[in-house]
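Computed over heavy atoms, backbone and side chain alike; hydrogens, waters and symmetry mates excluded. Chain letters run A, B, ... following the sequence lines, proteins first and then strands; every chain starts at 1.
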Amino acid sequence: MCSAAPYADSRVREALDVALAFGAFEQRVTLLFSGDGVLALLPRQAPAADSGRSVERLLGTLPDYGIEAPWADAAALARRGIDATSLGPAVRLADEPTIRGLLAAHDVVLTL
Amino acid sequence: MIFSLLVHSPPVARPASRSAYQFARTAIDAGHSVYRVFFIGDGVLHGTPLNQPAGNEADLPALWRELAAAHRVDLALCISSALRRGVLDSAEATRRRLPASNLREGFAIAGLGQLVDATLKSDRVVSFGD
């Protein structure tokens, strides 16, 4: 789970590094973005040259590690006035029951 | 029960960091074991010996060091987070031709594979940070 804004600090990139590492070890990984973390899923990101790696580009590598499309907390999107359809087909929307189901379905939940 | 912890908040001015230590302490006192504490992001700042807490502040890095030594807890710092924040062991400092290293005794630099290992070897993994 990631609730940090994508370029406020390095937490989103570190969360993605963690996800990719687990994927590289052939573990089943699910990514859920909530809170300000949903901002990481916005398309057409243009980080400054010295802002580090593009989060959008990192998200594009998930399939290479066998990680399925990430989930976005639908309520967090709505609170931020983000149109869910603007995120593109590679993002799945999670309402509260879905989030509870995701948490229950995984042996380990890491929060960054 | 075997626990591992993921800590991503720094040792200063973060209640979550204190909670992480207290959780580990309490778990051990209750008869459980803590396999590994993996520090990532600003959490790696626990791993420098240069912290100088004020007299009435808890010295969390020192407390972790004591707990780890007494109960065989592995304290691991994510290497990429550590490098970004200037926490290096002597081997990495030499490799990069840097003038100093500053890894606190009792902590080790580690890759994300150690985090994966911790999740596979623990019954529960608990994350701390804000």
Side-chain angles (χ1 to χ4, degrees), chain A residues 1-37 39-40 47-55 57-58 61-62 64-67 73 76 99 102-112, chain B residues 1-17 19-20 23-24 27 34-47 76-87 109-130:
Chain A
M1 284 183 65
C2 187
S3 60
Y7 297 99
D9 55 31
S10 58
R11 267 187 290 169
V12 170
R13 282 187 287 265
E14 281 158 346
L16 290 174
D17 284 343
V18 170
L20 297 179
F22 276 83
F25 280 86
E26 299 182 343
Q27 300 297 303
R28 181 181 157 225
V29 178
T30 300
L31 277 168
L32 168 64
F33 290 86
S34 65
D36 284 343
L39 299 173
D50 59 355
S51 291
R53 294 170 291 167
S54 162
V55 169
R57 206 167 284 166
L58 275 172
T61 67
L62 293 179
D64 299 338
Y65 292 80
I67 300 173
D73 179 343
I99 291 172
L102 288 171
L103 295 176
H106 289 72
D107 300 319
V108 178
V109 177
L110 301 178
T111 306
L112 283 163
Chain B
M1 193 173 279
I2 302 171
F3 289 93
S4 283
L5 275 56
L6 177 68
V7 178
H8 61 86
S9 53
V12 177
R14 287 291 190 276
S17 297
S19 295
F23 180 93
V34 177
Y35 174 64
R36 177 169 293 135
V37 182
F38 194 89
F39 297 90
I40 193 170
D42 287 346
V44 300
L45 294 174
H46 284 80
L77 307 179
C78 173
I79 184 169
S80 58
S81 298
L83 288 173
R84 282 197 182 93
R85 290 160 181 80
V87 181
I109 302 291
L112 287 171
Q114 294 298 298
L115 177 59
V116 178
D117 173 74
T119 63
L120 295 174
K121 295 206 173 120
S122 306
D123 298 307
R124 295 283 188 277
V125 182
V126 188
S127 305
F128 292 88
D130 48 32

By a 4.5 Å heavy-atom criterion (distance strictly below it), what part of B/R124 contacts chain A: side chain, backbone, both, or neither? neither
Side chain / backbone / both / neither for B/S122 at chain A, heavy atoms under 4.5 Å: neither
Heavy-atom contact with chain B under 4.5 Å, split by part of A/D107: neither
Walk me through it: do B/L6 and A/L112 pass the test side chain to side chain contact (heavy atoms under 4.5 Å, CB included)? CA-CA 9 Å; B/L6 177 68; A/L112 283 163; 4.2 Å; yes
Given heavy-atom pairs under 4.5 angstrom as the criterion, report whether the side chain, backbone, both or neither of A/F25 touches chain B. side chain
Report the distance from atom CG of A/L110 to atom OG of B/S4, rounding to the nearest 0.5 Å. 10.5 Å
I'd like to know which of A/R13, A/Q27, A/R11 tops the heavy-atom pair count under 4.5 Å against chain B. A/R11
Against chain A, label B/L115 side chain, backbone, both or neither, depending on which of its atoms sit under 4.5 Å from a heavy atom there. both
Where is the tightest heavy-atom contact between B/L112 and A/A21, given as atom of each residue plus distance? CB-CB, 3.6 Å
Where B/G41 and A/E14 come nearest, the two heavy atoms and their spacing: CA-OE1, 3.3 Å
Are any of the side-chain heavy atoms of A/T111 and B/F128 separated by less than 4.5 Å? no
A/V18, part contacting chain B, at a heavy-atom distance under 4.5 Å: both
